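See structure below.
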Amino acid sequence: MFKNEANQVRAGWLILLAFVSMFIAQQIFAVPGSVVLTLIDFPFQDGNYMIDLNAAFDRHPWVFLMTQGGGTVGGMLATVLLWRFVNKGTLKELGFRGSLKDFGFGLFLGALSIFIIFLMLLATGNIALLNPLSKPEFSIYTLTFLLLFILVGFFEEMFFRGYVMSTMESRRNPKWVIYVVSALVFSLMHGANPNVSVLGLVNIALVGILFAYMFDVTKSLWLPIGYHITWNYFQGNVFGFAVSGISPHGIYNVSIESGNDVLTGGAFGLEGGLFATLLIVVSFFATKLYVNVKAK
C-alpha cells in the first residue's frame, strides 16, 4: 500500500506529505503578517473585533505582501526541504537548470498572451477602458503585487511542476498521468478562490498542462516560472482584471459590465473566459516553436 514493487514509497504518499507540510509552513510563515495586520488595523474596526480581511489588506498593501508573501516563502521552504531530505534530490534535479533564456521567453510569452486577450476583448466591445493607455495609474500595489507574483510564480512551479512531476517521474508513472495529475491538483488548489467558475477551473487545469509541457520539453522550471509571473501580473496589475477571483489593482482600469462573461471570465478574471482558453492553446504551439528553434 505504501511502497511500490521497487520498495519505494509511492509518489501519492510523498505528494500528500508535501501538501500537508506546505500548508502548515504557509500558515506559520503568514502569522507575523497577520499579527501586524491585527495591531495596525485595530483603530479602523470601531470596536468591532471581526476584521474584514479584504478591506484591511487593501488599506495596508505592505502587510498584505508580508502575509501572503510570507506564506508563499513558507511553502517554498517546505518544498525545498522535502525535496532535499525526503526525496534526496538537489535543486538542479528539482528543475533549476538550463538557460535563463527560457525564463526571458516565458516572461515575454505570458505578457504577450494577456496583452492579446486584452486587445481581443477591447476590439469586440466586451470591455471598456476607463483610463487612457497614455495615463497609467501607478500605485504602491504596482510594486507589492509584482513582488508577490514573482514569489507565487516560483513557489507554484517549484511545487506543482518541480516536486509533483519529478516525484511521479521518479516512480516511473506514465507521462500522461504525470501531466494530468499535476494539472488537476493545480486546478483544485484554486477551487476555493472567490467567484470561481467551471470554465475558470478548466482553464487553470489547461494552463497547468501547458506548464507541465514547458517543464517537460525544456527540462527546466525557468520557462513556466517566467510565463506564470507575467500571466498573473499583466492580468491584475497592468490591465486591471481579477486574477483567479482576486481583486485587481491595475495601472489600467477596465469595466466588464457590458461584456459576455464567457469571454471576459466575469468576476473570476480572464482565466474564466474562452479567449484565455484560446491563448493557452496558442502558447503550446509557441513553446514548441521556441524549443525547435533553440535546438537548431
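Note that the structure is a prediction, hence the values are computed from the model and not measured. Just so you know, these numbers use all the heavy atoms, side chains as well, and skip hydrogens, waters and symmetry mates.
Residues A286 and L109 come closest through the heavy atom pair CB-CD1, 3.9 Å. A11 and N173 get closest at one heavy-atom pair: CB-ND2, 4.2 Å. Closest of all the heavy-atom pairs between S244 and I204 is OG-CD1, 4.1 Å. When all heavy atoms of S182 and A212 are compared, the closest pair comes out as OG-CB, 4.0 Å. Taking both residues in full, the closest heavy atoms of A25 and G75 are given as CB-N, 4.5 Å, listed atom of the first, atom of the second, then distance. The two residues W83 and S166 come nearest to each other via the heavy atoms CH2-CB, 3.5 Å.
Using a 4.5 Å cut-off on side-chain heavy atoms (C-beta onward), F155 and Q26 make contact. Side-chain contact between F64 and D58 is absent, with no heavy-atom pair separated by less than 4.5 Å. Side chains of V185 and V164 form no contact here, defined as non-hydrogen atoms less than 4.5 Å apart. Using a 4.5 Å heavy-atom threshold, the side chains of F234 and V243 count as separate. Contact check for I40 versus V63: side-chain heavy atoms found under the 4.5 Å cut-off. When side chains are defined from C-beta on, I209 counts as touching F284, because their heavy atoms get closer than 4.5 Å. Between M189 and F19 there is a side-chain heavy-atom pair separated by less than 4.5 Å. Within the 4.5 Å cutoff, the side chain of I280 has heavy atoms near those of the W231 side chain.
Checked by atom type and distance alone, the side chain of K296 never pairs as donor or acceptor with a backbone atom of V293 at under 3.5 Å. For the pair N126 (side chain) and T264 (backbone), a donor-acceptor distance under 3.5 Å is absent. In this structure, the side chain of R97 does not engage the main chain of S220 through any donor-acceptor pair within 3.5 Å. Remark: side-chain polar atoms of N131 are paired, donor with acceptor, to backbone N or O of N253 under 3.5 angstrom. Side chain of S187 to backbone of A183: no donor-acceptor contact under 3.5 angstrom is found.
Partners of Y252 by ring pair (Phe, Tyr, Trp, His ring centres under 6.0 Å), not counting sequence neighbours: none found.
Between atom CZ of residue F149 and atom OG1 of residue T144 there is a gap of 9.5 Å, rounded to the nearest 0.5 Å. Rounding to the nearest 0.5 angstrom, the gap separating the CG atom in L146 from the OG1 atom in T230 is 10.5 Å. Rounded to the nearest 0.5 angstrom, I117 CD1 and L122 CG are separated by 13.5 Å. L143 CG to L148 CG: the interatomic distance, rounded to the nearest 0.5 Å, is 11.0 Å. Atoms CD and OG1, from E156 and T79 in turn, are 10.5 Å apart once rounded to the nearest 0.5 Å. Note: E137 CD to L130 CG = 9.0 Å, rounded to the nearest 0.5 Å.
Hydrophobic clustering, with ILVMFWY side chains joined whenever heavy atoms are under 4.5 angstrom apart, keeps F23 apart from L77. F138 and I150 fall within the same hydrophobic cluster, where Ile, Leu, Val, Met, Phe, Trp and Tyr residues are linked whenever their side-chain heavy atoms come under 4.5 Å apart, directly or through other members. The cluster map of Ile, Leu, Val, Met, Phe, Trp and Tyr, joined by side-chain heavy atoms under 4.5 Å apart, puts V181 and L188 in different clusters. Under a hydrophobic clustering in which Ile, Leu, Val, Met, Phe, Trp and Tyr are joined whenever their side-chain heavy atoms come within less than 4.5 Å, directly or via other members, L289 and L112 fall into different clusters.
Side chains of T142 and N237: a donor-acceptor N/O pair is absent below 3.5 angstrom, by distance only. Side-chain contact of T287 with Y213: a donor-acceptor pair under 3.5 Å is absent, judged by distance alone. With 3.5 Å as the limit, one finds no donor-acceptor pair spanning the side chains of E157 and W222. Counting only N and O atoms by type, the side chains of N87 and T167 include a donor and acceptor under 3.5 Å apart.
By the neighbour-count criterion of 12 heavy atoms within 6.0 Å, atom CD of Q27 is densely surrounded, having more than that number from other residues, nucleotides or ligands. The number of heavy-atom neighbours closer than 6.0 Å to CZ of F96, taken from other residues, nucleotides and ligands shown, is above 12.
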Would F211 and Y227 count as a side-chain contact (heavy atoms from CB on, under 4.5 Å) here? Give the steps.
CA-CA 8 Å; F211 291 149; Y227 189 103; 3.4 Å; yes
Report the C-alpha separation of D102 and K294 in whole Å, then their side-chain angles, then the decisive distance to 0.1 Å, and conclude whether the side-chain contact (heavy atoms from CB on, under 4.5 Å) test is met.
CA-CA 10 Å; D102 293 348; K294 193 175 74 164; 2.9 Å; yes
From CA spacing to verdict: side-chain contact (heavy atoms from CB on, under 4.5 Å), R161, L221:
CA-CA 8 Å; R161 259 57 64 179; L221 287 172; 3.8 Å; yes
Checking side-chain contact (heavy atoms from CB on, under 4.5 Å) for the pair R171/L14: CA distance, chi angles, key distance, verdict?
CA-CA 11 Å; R171 294 328 188 236; L14 290 176; 3.3 Å; yes
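The aromatic rings of F118 and F115 lie parallel to each other, their planes meeting at an angle below 30°, with 60° marking the opposite boundary. Aromatic ring pairs are classed by plane angle as parallel below 30°, tilted from 30° to 60° and perpendicular above 60°; the pair F105 and F108 is tilted.
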